[in-house]
Each structure stands twice: as C-alpha cells, then as structure tokens.
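Accompanying notes for the structure given below.
What you see is a predicted model; the values in this text were computed from it and never measured.
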Amino acid sequence: PAILGVLERAEPAEVTPVLRALPDLLNVLSGGGGGGGNGDGGGPSSHAAVAVQLLPMLLQLEGPLGGSARWRASLELIGAYACLAGALEPQSLYSLCIPSLFGHLTAEAAAPNRREAVRVICLMLRKLRTQGQRSDVCARLVRELAGADSYCLRVDFLHTCSLLLDPSPP
C-alpha cells in the first residue's frame with residue numbers, strides 16, 4: 001500500500017505520525033477492521049504478513065531516526081517494534097528486533113527511550129520459544145545493564161527485573 005511508502009522516508013516529521021498510528025495501521029492493512037464490521041476479516045496470518053513487510057522498513061529507519069537529537073521519533077520507532085511483537089515469528093524477533101532494541105538501550109541518552117526499549121525487550125522475551133534464545137537475551141541484559149558502569153543502566157536493569165517478575169505482560 002501507498003501508506004507504507006511514507007515509512008521509507010527519512011524525515012521524522014513525516015514518519016513519526018505514521019509510527020504513532022502503527023497499531024491501527026497494522027489492523028487496517030491486514031483487513032482486520034476499521035469500519036464496524038464483524039471483526040473476522042484479519043487474523044494472525046494477515047497480521048504476520050503485514051508485519052513481515054513493515055519490519056525491513058522499521059529497520060531502515062534506525063539510522064535516520066537514531067541519535068539523541070531525535071529522541072521522540074526514536075521513541076515512536078521503539079514503540080513500533082512492540083506492535084509487531086505479537087505478529088512476527090519468534091526467530092525474527094530474536095535475530096532482527098531484539099538486537100536493534102539493545103542498540104537503543106545501550107546507546108540512547110534519553111531515559112524514556114531506554115525504558116521503552118526495556119519494556120519491549122521484556123515483551124519479546126515472553127514471545128521467544130526456545131530456552132536458548134531466552135537465556136541468551138537474559139545473559140545479554142545482565143551483561144549490558146547489570147554490569148554497566150553507568151548508574152542509569154543499572155537502574156534500567158532493576159526496571160527490567162521488575163517487568164520480568166510481574167506476571168502480567170508489560
């Protein structure tokens with residue numbers, strides 16, 4: 001669809017509103033709603049098909065939207081990964097999304113971005129199927145947050161622990 005072409009642009013002023021509306025956009029593009037129907041148009045397979053198309057576009061936005069000068073646009077990008085967490089395969093989450101989120105977590109100076117990255121990593125951690133993947137992500141959280149020199153990253157590790165111990169999803 002033509003609306004996905006907007007995501008290919010590098011201007012934060014144009015991309016940020018689309019990222020903010022991504023949950024509704026994902027639902028409409030997958031045929032799951034938008035018009036008071038009976039709600040049986042979409043489904044997990046159509047959400048997954050749209051999410052697979054959106055993921056490369058989101059990964060391309062990492063460069064233009066990264067950095068502390070555009071932290072609000074970067075925050076919207078991190079939130080967009082959360083929208084895709086339920087639709088993508090666990091292997092895609094593990095190999096593509098989680099490394100990108102760790103990049104935000106360790107490189108971002110803005111505290112809201114780090115907190116959102118922690119929340120989305122915890123959400124995706126619950127979606128991973130294999131114990132090895134979950135162990136690898138947990139080990140990386142301990143290595144990069146708990147063992148960090150930065151006080152802020154160690155506080156983010158405590159926030160991570162609280163999210164993981166909470167029985168309800170983040």
Side-chain angles (χ1 to χ4, degrees), residues 1 3-30 32 42 44-130 133-134 136-141 144-145 153 156-157 159-160 162-164 166 168-170:
I3 192 73
L4 296 180
V6 174
L7 287 177
E8 294 174 348
R9 299 181 187 189
E11 294 297 322
E14 297 171 359
V15 173
T16 304
V18 175
L19 291 175
R20 196 172 298 128
L22 194 64
D24 296 328
L25 183 64
L26 184 63
N27 193 30
V28 169
L29 290 177
S30 63
S45 62
S46 57
H47 272 73
V50 174
V52 166
Q53 291 176 347
L54 286 173
L55 183 60
M57 292 177 198
L58 292 179
L59 292 171
Q60 284 179 351
L61 290 174
E62 289 291 332
L65 296 183
S68 59
R70 297 180 174 160
W71 70 269
R72 285 184 179 91
S74 183
L75 182 65
E76 295 295 336
L77 180 62
I78 295 167
Y81 285 117
C83 296
L84 299 181
L88 290 173
E89 289 292 320
Q91 184 59 37
S92 296
L93 295 177
Y94 178 73
S95 63
L96 299 172
C97 297
I98 290 179
S100 173
L101 290 167
F102 269 106
H104 285 282
L105 186 59
T106 55
E108 291 288 340
N113 291 20
R114 290 193 321 267
R115 287 285 171 118
E116 183 67 6
V118 162
R119 185 189 72 80
V120 176
I121 287 172
C122 291
L123 177 71
M124 289 182 178
L125 187 61
R126 293 173 187 251
K127 305 282 183 185
L128 297 178
R129 289 190 186 137
T130 66
Q133 290 175 340
R134 290 190 295 265
D136 184 43
V137 172
C138 288
R140 190 167 177 189
L141 284 168
E144 294 188 15
L145 296 181
L153 290 176
D156 288 339
F157 178 72
H159 180 66
T160 303
S162 70
L163 288 174
L164 290 175
D166 188 7
S168 62

Criterion side-chain contact (heavy atoms from CB on, under 4.5 Å) on Leu58 and Leu19, from CA distance to verdict = CA-CA 9 Å; Leu58 292 179; Leu19 291 175; 3.5 Å; yes
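- How far CG of Leu123 is from CG of Leu93: 8.5 Å, rounded to the nearest 0.5 Å.
- Between Trp71 and Ala110, the shortest heavy-atom distance links the atoms CB-CB, 3.8 Å.
- Arg129 is linked by a side chain to side chain donor-acceptor pair (under 3.5 Å) to nothing, counting only residues two or more places apart in sequence or in another chain.
- Here the rule is side-chain contact (heavy atoms from CB on, under 4.5 Å) with Ile98, and of Leu125, Leu128, Leu105 only Leu128 fits it.
- Of the candidates Arg115, His104, Arg114, Ile78 forms a side-chain contact (heavy atoms from CB on, under 4.5 Å) with just one, namely His104.
- Minimum interatomic distance between Val118 and His159 (heavy atoms only, all atoms of both residues): CG1-CD2, 3.7 Å.
- Between the CG atom of Leu153 and the CG atom of Leu141 there is a distance of 11.5 Å, given to the nearest 0.5 Å.
- For the atom pair SG of Cys122 and CG of Asp166, the computed distance is 10.0 Å after rounding to the nearest 0.5 Å.
- Taking CD of Glu89 as the start and OG of Ser95 as the end, the distance is 11.0 Å to the nearest 0.5 Å.
- Between Phe102 and Val137, some side-chain heavy-atom pair lies under the 4.5 Å cut-off.
- Smallest separation of non-hydrogen atoms from Gln133 and Thr130: CG-OG1, 3.0 Å.
- Scanning all heavy atoms of the two residues, the minimum distance from Lys127 to Pro90 falls at O-CG, 3.6 Å.
- Residues Leu101 and Met124 form a side-chain contact, since some pair of their non-hydrogen atoms from C-beta on lies under 4.5 Å apart.
- The minimum heavy-atom distance between Arg140 and Pro99, with the atom names listed, is NH1-CA, 4.1 Å.
- Here the straight-line distance linking atom CZ of Arg20 with atom CG of Leu75 works out to 9.5 Å at 0.5 Å rounding.
- In this structure, Arg134 has no salt bridge (charged side-chain N to carboxylate O under 4.0 Å, His left out) partners at least two apart in sequence or on a different chain.
- The shortest heavy-atom contact between Leu22 and Leu54 is CD1-CD1, 3.7 Å.
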Going through the checks in order, is the side-chain contact (heavy atoms from CB on, under 4.5 Å) test met by Leu88 and Leu96?
-> CA-CA 11 Å; Leu88 290 173; Leu96 299 172; over 6 Å; no
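- Taken from CG in Leu55 to SG in Cys97, the straight-line distance is 4.5 Å, to the nearest 0.5 Å.
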